[in-house]
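Model, not experiment: these values are computed from the prediction.
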Amino acid sequence: MPAPFLAETRRRRTFAIISHPDAGKTTLTEKLLLFSGAIQIAGAVKGRKASRHATSDWMEIEKQRGISVASSVMQMSYRKHVINLLDTPGHKDFSEDTYRVLTAVDSALMVIDAANGVETQTRRLIEVCRQRDTPIITFVNKMDREVRDPLDILDEVERELGMPCCPMTWPVGQGRQFGGIIDLRTRTMTVFQPGSEKRPEDFEVISLSEADKLRARFGQTFDDALESMELAVGASAAWSHEEFLAAKLTPVFFGSGVNNFGVKEVLDAVVDMSPPPGPRTSTLVVNKQPVEKTVHPEDEGFAGVVFKVQANMDANHRDRIAFVRVASGKYTPGMKMRVQRTGKELRPTSVVTFMSQRREAVEEAYAGDIIGFTTHGGVQLGDTITDGAQLQFTGLPFFAPEMFMTVVLKNPLRTKQLQQGLMQLGEEGAIQVFKPEAGGNMLLGAVGQLQFEVVQHRLNTEYDCDIRLEGCQYTGARWITADAQQELREFENAYPLRMARDAADTLAYLCTSPYDVRLAQERFPKIHFHPLREHAGLALQAAA
């Protein structure tokens with residue numbers, strides 16, 4: 001393997017920012033982009049009439065509500081490293097999108113509101129990271145407000161997330177008394193000054209050896225901070241890079257994202273601590289049995305996985321972009337690629353990297369990079385794309401929906417546009433779309449109520465379809481497979497009104513109560529019910 005190729009994969013860092021809503025995640029994303037030089041001005045995340053919105057929030061409904069409802073991808077350069085940053089929705093109703101994004105990263109940056117500590121959605125996201133052994137860097141935000149004691153926050157992180165903390169910086173005061181942060185490694189204190197235009201070089205740095213000077217300036221607040229810092233260091237685990245990479249330890253940083261304070265330390269930590277791209281597990285079907293194969297980033301053959309599909313990022317062109325995480329090899333323009341699910345050649349009209357809405361043509365991409373293929377169909381979430389090798393990456397989750405609504409089109413003349421809109425939104429994973437086998441109105445399945453509102457809004461603004469959503473009797477779904485076609489046909493004949501197909505044309509059984517699946521399973525023991533769609537996909541592959 002030529003050395004330059006290996007060197008390129010080693011300087012990649014691909015991470016996601018995760019948090020509960022309103023912890024300051026999108027604001028921190030803006031500041032990381034600002035400090036890396038990727039953008040010149042950071043837009044505050046504001047409400048309805050804001051003239052400037054966060055760079056990472058591009059969808060119209062995001063600008064109206066001041067929240068992130070779709071994951072966005074940004075690439076930047078910092079200290080001779082290529083950093084791929086994925087900003088995820090914090091709202092629980094969009095957790096599926098976030099789960100899928102977490103399959104495409106090598107580490108995560110967890111943002112915690114210093115006033116609220118560990119919140120519900122943070123716990124869910126951390127659980128996904130823990131399942132995948134994803135290393136986590138922790139940033140405790142909003143220290144310039146009236147917040148909880150930092151020792152309490154560390155204790156809660158350890159208790160709630162089951163992971164030891166190792167403080168890397170420590171706050172001096174809080175709220176109006178917030179004086180700055182102490183860097184435990186350099187034994188220096190960076191003095192806090194409010195202001196969103198401040199740059200790292202604008203902050204004053206004083207060595208702890210000048211304790212008298214700091215004591216004269218900050219008084220009892222400085223002595224209290226030293227005392228609590230010593231307590232924290234004594235009670236915390238010692239820093240171990242190996243433990244961090246194994247997702248058994250999280251380094252903790254404090255700061256104020258909106259004031260650009262403590263952000264540079266986090267950006268440096270991403271470069272210095274986070275891992276480069278690692279090996280990924282794929283599956284080959286040999287003699288109708290799935291066989292695992294490990295794909296290494298330095299492998300010569302190109303391979304990548306589609307972890308996100310987004311329709312209409314550019315409203316003028318009605319485009320559709322498949323976001324691909326490169327797992328191995330090198331992408332170059334014009335190379336031949338194949339979608340493994342269908343065996344068809346992929347010919348994207350353009351291949352780009354992202355700076356939120358701004359795109360640039362890709363000249364080359366290596367393992368760890370996120371690239372976008374502009375397509376007009378034929379690519380779905382979870383698809384593996386290679387330059388020839390027959391393999392399938394696994395682990396991209398599609399959860400069985402917990403809520404259902406029936407789609408009623410107000411103007412029947414817009415039926416064609418509705419079908420196109422639902423097909424594209426279903427393929428991108430914004431919502432799960434089910435077409436009943438017996439005919440009738442389309443069904444939407446979601447994890448949370450806000451998903452329905454977003455899809456209704458997008459159908460109206462992007463496809464000019466005014467729809468009404470009505471309740472229906474279904475409360476769940478399971479994807480179904482069988483070892484023999486005859487058994488599957490018998491099951492379909494027994495439950496004709498419960499059969500539906502999703503956007504990937506996978507057969508599903510619709511439930512009206514939690515007991516439905518159990519009763520159907522007792523009646524048809526040879527039918528397999530799958531709460532995750534990828535399990536159904538693997539079963540179908542093996543059967544084929």
Q: Verify the ring-centre separation between Phe434 and Phe404: is it less than 6.0 angstrom?
A: yes
Q. Got a donor-acceptor contact below 3.5 angstrom from the Lys344 side chain to the Val339 backbone?
A. no
**Q.** Greater than 12 external heavy atoms within 6.0 Å of Glu522's CD
**A.** yes
Q: Answer yes or no: is there a side-chain heavy-atom contact under 4.5 Å between Arg468 and Lys410?
A: yes
Q.
Check this for me, if you would: do Glu487 and Arg489 make a salt bridge, where the nitrogen-to-carboxylate-oxygen distance has to be below 4.0 angstrom?
A. no
(Q) Tell me the closest heavy-atom pair linking Arg13 and Ser274, and the distance in Å. (A) NE-O, 3.0 Å
Q.
Check this for me: does any side-chain nitrogen of one of Arg501 and Glu437 sit under 4.0 Å from a carboxylate oxygen of the other?
A. yes
Q) Thinking salt bridges, do Arg325 and Asp106 make one under a 4.0 Å N-O criterion? A) yes
Q: Would you please indicate yes or no on a ring centroid separation below 6.0 angstrom for Phe529 and Phe491?
A: yes
Q. Heavy-atom distance under 4.5 Å between the side chains of Thr281 and Phe393, does that happen here?
A. no
**Q.** Shortest non-hydrogen contact from Leu409 toward Thr415
**A.** CD2-N, 3.4 Å
Q) Heavy-atom count around Gln473 CD within 6.0 Å, excluding the residue itself: above 12? A) yes
(Q) So Val324 and Ile385, do their side chains get closer than 4.5 Å, heavy atoms only? (A) yes
(Q) Between Asp516 and Arg498, does any side-chain N to carboxylate O distance fall below 4.0 Å? (A) yes
Q: For the pair Thr122 (side chain) and Val118 (backbone), establish whether a donor and an acceptor sit closer than 3.5 Å, ignoring hydrogens and angles.
A: no
Q: Please report the closest heavy-atom contact between Gln451 and Ala446, naming both atoms and the distance.
A: OE1-CB, 3.4 Å
Q) When you look at CD of Gln521, are more than 12 heavy atoms from neighbouring residues, nucleotides or ligands closer to it than 6.0 Å? A) yes
Q: Would you name the heavy atoms of Val326 and Tyr366 that are closest together and state the gap between them?
A: CB-O, 3.4 Å
Q.
Quick check for you: to the nearest 0.5 Å, what is the distance between Phe323 atom CZ and Ile370 atom CD1?
A. 9.0 Å
Q. Do Thr374 and Ser350 have side-chain N/O donor and acceptor atoms under 3.5 Å apart?
A. yes
Q. Is there a side-chain contact between Leu507 and Trp479 (heavy atoms, below 4.5 Å)?
A. no
Q. For Asn84 and Asp369, does a side-chain donor sit closer than 3.5 Å to a side-chain acceptor?
A. yes
Q) Yes or no on salt bridge (charged side-chain N to carboxylate O under 4.0 Å, His left out) for Asp387 and Lys336, after CA distance, side-chain angles and deciding distance? A) CA-CA 6 Å; Asp387 58 3; Lys336 285 189 175 181; over 6 Å; no
(Q) Quick one, Tyr495 and Arg523 - any side-chain contact, counting heavy atoms below 4.5 Å? (A) yes
Q) Do Met337 and Pro348 come close enough that some side-chain heavy atom pair is under 4.5 Å? A) yes
(Q) Contact between Ile112 and Ser19 at the side-chain level, heavy atoms closer than 4.5 Å - yes or no? (A) no
Q.
Would the distance check show the side chain of Thr9 and the main-chain N or O of Ala367 forming a donor-acceptor pair, the cut-off being under 3.5 Å?
A. no
Q | Heavy-atom side-chain contact between Leu86 and Phe15 under 4.5 Å | A | no
Q: Scan side-chain atoms only and decide if Thr386 and Gln340 contain a donor-acceptor pair under the 3.5 Å cut-off.
A: yes
(Q) For Ala23, is there any backbone N or O sitting under 3.5 Å from a side-chain donor or acceptor partner on Asn141? (A) yes
Q: Salt-bridge test for Asp483 and Lys526: reply yes if a basic N is under 4.0 Å from a carboxylate O, no otherwise.
A: no
Q: Write down the atom of Val352, the atom of Val362, and the distance for their closest heavy-atom approach.
A: C-CG2, 3.3 Å
(Q) Regarding Arg123 and Glu119, does a basic nitrogen lie under 4.0 Å from an acidic carboxylate oxygen? (A) no
